[in-house]
J.: 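A single structure is presented below for examination.
Letters A, B, ... are given to chains in the order of the sequence lines, protein chains preceding strands, and every chain is numbered from 1. Because the structure is a prediction, the values reported are computed rather than measured.
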Number of protein chains: 2
Amino acid sequence: MAQELILDDRKQEILKSIVANYLETGEPVGSRTISKMGSLNLSSATIRNEMSDLEEMGYVVQPRTSAGRVPTDKGYRFYVDQVMSEKVDSDKSQGALLERVDKLENLLMQVAKVLAYNTQYASIVTSPRLRNKQVKFIQLSQVDEERLVAVIVVGDNVAKNQLIRVQRPLDNEEVLKFNILLNTFLQGISVDEINIELMQTMKRQAGEGEYADILEAIFEGIVDAVHQAEETHIYTSGASNILKYNELGDINKATALLETFEEQTGLSELADEALKSDDKNIQIYIGDESPVQNMKDCSIVTSTYELPEGAKGTIGIIGPKRMDYKKVVSTLKSLTDELDTIFRKE
Amino acid sequence: MAQELILDDRKQEILKSIVANYLETGEPVGSRTISKMGSLNLSSATIRNEMSDLEEMGYVVQPRTSAGRVPTDKGYRFYVDQVMSEKVDSDKSQGALLERVDKLENLLMQVAKVLAYNTQYASIVTSPRLRNKQVKFIQLSQVDEERLVAVIVVGDNVAKNQLIRVQRPLDNEEVLKFNILLNTFLQGISVDEINIELMQTMKRQAGEGEYADILEAIFEGIVDAVHQAEETHIYTSGASNILKYNELGDINKATALLETFEEQTGLSELADEALKSDDKNIQIYIGDESPVQNMKDCSIVTSTYELPEGAKGTIGIIGPKRMDYKKVVSTLKSLTDELDTIFRKE
DNA sequence: TATTAGCACTCAAGCACACAGAGTGCTAAC
DNA sequence: GTTAGCACTCTGTGTGCTTGAGTGCTAATA
């Protein structure tokens with residue numbers, strides 16, 4: 001009985017039509033609709049038989065008896081794999097979307113906005129994950145009688161500072177001494193190697209008793225600044241677009257999604273996951289494939305950009321499963337290209 | 001005919017009851033409900049007459065014929081003025097809500113989160129508007145062969161840095177020279193005074209031709225950093241809470257609101273407005289009183305915190321007009337107090 | 001004169017029911 | 001293997017009915 005079913009050419013065509021149609025309309029697709037499209041000359045009855053097979057194979061489902069068919073995650077997956085293999089190229093027509101901006105932070109925020117605006121979905125952009133976490137430069141300076149400022153440069157692109165309040169002004173000699181101490185111990189070491197023991201050693205070197213409180217403040221400030229430099233920032237935009245797609249279910253799901261965007265913790269998992277994948281190109285997660293629980297009803301498309309020194313960041317789009325994949329992929333490609341170009345120039 | 005109506009004691013009581021009841025239930029309030037509350041011993045018929053008067057006076061409306069009454073903005077305003085005059089004190093029970101955090105940025109973000117979490121409305125917190133915009137400290141240092149870092153301290157709490165790429169390494173003497181130049185011209189002057197002319201003068205001083213490109217980069221970097229330091233940051237939290245209150249109307253209004261939160265431009269207007277008011281205490285905007293167009297269906301409650309040196313910032317709550325004003329006001333007071341205390345200590 | 005009881009009226013919400021339309025699965029004919 | 005035809009299912013919509021909450025007005029009452 002259980003004759004094995006294979007996805008022959010005709011079934012593939014029908015499946016593609018179903019998905020394409022559903023992407024457009026958002027309504028379950030009936031056999032008659034497919035038949036009337038005319039690309040394959042078959043009666044609705046034949047289509048019905050094929051659709052029945054496709055259902056058995058798990059590519060489509062009926063949301064209820066006597067309604068049309070809707071693609072499952074598996075169906076979307078087939079469609080995406082198929083369509084994406086037909087080489088989507090980046091949409092060059094957008095031209096110079098990104099204005100010239102200096103600060104990395106501003107640039108990435110702008111990328112997020114452009115993505116969200118062009119696609120009308122929600123976008124996410126992460127700052128590059130540092131590969132080179134060496135402390136390149138560290139310097140303490142006196143601002144005025146009660147404040148010092150510490151400047152720390154980590155890797156190739158990140159500078160952080162920290163204002164440090166002290167009880168009494170230090171004289172030049174003392175500042176110099178601290179600077180020598182800090183540079184001796186910290187310059188060139190990796191961020192990961194900075195720990196309490198190291199700090200203890202430095203304190204002993206400095207002649208503990210005398211400066212104990214000042215040292216404490218300085219160390220605290222430096223550890224803080226370093227950790228901050230290491231942190232991955234996440235920029236999002238267009239989260240409110242999610243509300244436009246009510247097939248994302250009830251308001252509760254939408255709320256949960258928006259909360260995920262506000263929390264950001266889920267998003268950073270997503271970014272990690274996207275970076276982890278070996279495939280350096282476009283990455284597509286459909287429904288249950290999503291690494292984030294609250295996004296099991298969405299599709300996520302990500303891409304990776306790369307700084308000249310090798311640090312990588314993620315840019316991505318989050319939207320309904322019924323998403324315009326072609327457009328999203330081409331927009332992402334286009335912006336990734338543009339980012340890569342900008343970074344190479346600089 | 002047009003006998004003049006005055007808001008006598010009894011009408012006031014009834015109005016208060018209507019508003020209070022509506023705040024709780026969100027349903028139009030009928031005469032019978034008020035009558036049965038028992039605080040004033042009147043039959044529903046009497047209440048009906050009074051309610052009719054209140055409607056004529058513009059404090060309440062009927063959403064449709066033969067439904068109960070709902071407060072208008074004017075009605076809310078009466079209630080708020082009345083209830084707030086009964087001295088709400090800050091909710092001390094919350095105790096040490098704010099963990100000790102060093103960076104101002106983190107502190108304010110945390111305030112926003114606590115506000116949103118405690119009230120279940122949306123919150124907004126702005127960084128203090130600098131009053132003292134003097135450049136306190138400015139220093140250029142060489143990081144490595146192709147990069148400099150500029151550190152600028154503005155006012156009492158803000159330090160910014162900027163990485164600057166240069167074509168060739170500078171020797172110590174050159175760096176020193178630049179530092180002297182920068183400090184001579186910039187230290188102690190107000191941020192507003194930094195303009196192109198000043199930059200031109202400095203360039204001439206430096207011996208234009210030789211360093212033209214380097215100077216250009218440095219100036220650009222510095223102007224950028226200064227402007228950044230001057231910028232007011234806005235932190236928001238709990239924007240998704242807005243969706244919980246569907247009396248905020250259809251999904252379109254909710255979307256518009258969320259977009260306002262993402263855009264932030266509307267929010268900064270709001271913050272400006274809130275700071276402008278002479279009243280240094282709690283400020284309440286109801287419905288149409290809102291300075292932001294998209295929030296005409298909301299109520300906004302703001303408070304002002306102050307740094308020891310006089311810089312002021314805003315913290316506020318945005319929610320439905322049907323808002324728990326007492327709780328919101330007490331939470332805001334509590335957090336404002338706590339902020340003030342933290343700043344005074346430091 | 002202010003309050004109240006009573007009554008007629010209005011409207012929204014819930015329920016039952018019928019009906020049209022879309023879509024399916026199956027069978028028999030081509 | 002394909003198709004026409006038919007019976008069946010289910011949703012959505014429109015209609016009519018009932019109930020309950022609430023109002024405004026009038027006349028009686030304290």
J.: So what does A:S44 hit on the nucleic acid, given a heavy-atom distance under 4.0 Å: a base, only sugar-phosphate, or nothing?
T.: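 The answer is nothing, as A:S44 stays clear of every strand by at least 4.0 Å.
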
J.: Applying salt bridge (charged side-chain N to carboxylate O under 4.0 Å, His left out), name anything that partners B:E262, two or more places apart in sequence or on another chain.
T.: none

J.: In whole angstroms, how far is the P atom of D:dA21 from the CD atom of B:Q62?
T.: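 It works out to 17 Å between those atoms.
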
J.: Go through the structure and list residues passing side chain to side chain contact (heavy atoms under 4.5 Å, CB included) with A:E263, not counting sequence neighbours.
T.: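 Residues passing side chain to side chain contact (heavy atoms under 4.5 Å, CB included) with A:E263: A:T265.
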
J.: In whole Å, what is the span from the CG atom of B:L42 to the P atom of D:dA30?
T.: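 After rounding, the reported distance stands at 17 Å.
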
J.: Using chain B heavy atoms and a threshold of under 4.0 Å, write down where along DNA chain C the contacts begin and end, 5' to 3'.
T.: C:dT3 to C:dA12

J.: Is it the case that the side chain of B:Y121 and the backbone of B:D324 share a donor-acceptor pair, with hydrogens and angles ignored and the cut-off at 3.5 Å?
T.: yes

J.: Using a heavy-atom distance cut-off of less than 4.0 Å, which residues of residues 47-55 of chain A contact DNA chain D?
T.: A:R48, A:N49

J.: End-to-end bend of the helix from C:dT1-D:dA30 to C:dC30-D:dG1 (five-pair axes, 10° rounding)?
T.: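 Answer for the end axes of this duplex: 20°.
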
J.: Quick one: do B:D297 and B:K253 make a salt bridge, cutoff under 4.0 Å?
T.: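 Salt bridge present between B:D297 and B:K253.
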
J.: Taking only residues two or more places apart in sequence, or in another chain, which ones meet B:K16 in a salt bridge (charged side-chain N to carboxylate O under 4.0 Å, His left out)?
T.: B:E13, B:E86

J.: So which pairs with a foot in residues 114-124 of chain A pass salt bridge (charged side-chain N to carboxylate O under 4.0 Å, His left out), sequence neighbours left out?
T.: none

J.: Name all pairs fulfilling the side-chain hydrogen bond (donor to acceptor under 3.5 Å, both in side chains) condition that reach into residues 286-295 of chain A, sequence neighbours left out, sorted by first residue then second.
T.: A:R77-A:E289, A:T260-A:N294

J.: State, with a plain yes or no, whether a side-chain heavy atom of A:I242 is found less than 4.5 Å away from one of A:F261.
T.: yes

J.: Does A:D9 have any salt bridge (charged side-chain N to carboxylate O under 4.0 Å, His left out) partners at least two apart in sequence or in another chain, and if so, which?
T.: none

J.: Restricting to salt bridge (charged side-chain N to carboxylate O under 4.0 Å, His left out), what partner residues turn up for B:K327, sequence neighbours left out?
T.: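 Scan of B:K327 (salt bridge (charged side-chain N to carboxylate O under 4.0 Å, His left out), adjacent residues dropped) gives none.
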
J.: With 3.5 Å as the limit, what N/O pairs link the protein to nucleotides 10-14 of chain D?
T.:
{"unit_1": "D:dC10", "atom_1": "O4'", "unit_2": "A:S66", "atom_2": "OG", "d": "3.2"}

J.: Between B:S240 and B:L258, which heavy-atom pair has the shortest distance, and what is it?
T.: N-CD2, 4.4 Å

J.: How would you label the contact of B:A45 with the nucleic acid (heavy atoms, under 4.0 Å): base, sugar-phosphate, or nothing?
T.: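 Base contact.
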
J.: Which comes earlier along DNA chain C counting from the 5' end, the contact point of A:G68 or that of B:T46, where each point is its nearest nucleotide?
T.: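 The answer here is B:T46.
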
J.: Can you pull out every salt bridge (charged side-chain N to carboxylate O under 4.0 Å, His left out) where at least one residue sits in residues 19-43 of chain A? Sequence neighbours excluded, please.
T.: none

J.: Going by heavy atoms in the side chains, are B:I284 and B:I300 under 4.5 Å from each other?
T.: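 Not touching, per the 4.5 Å side-chain cut-off.
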
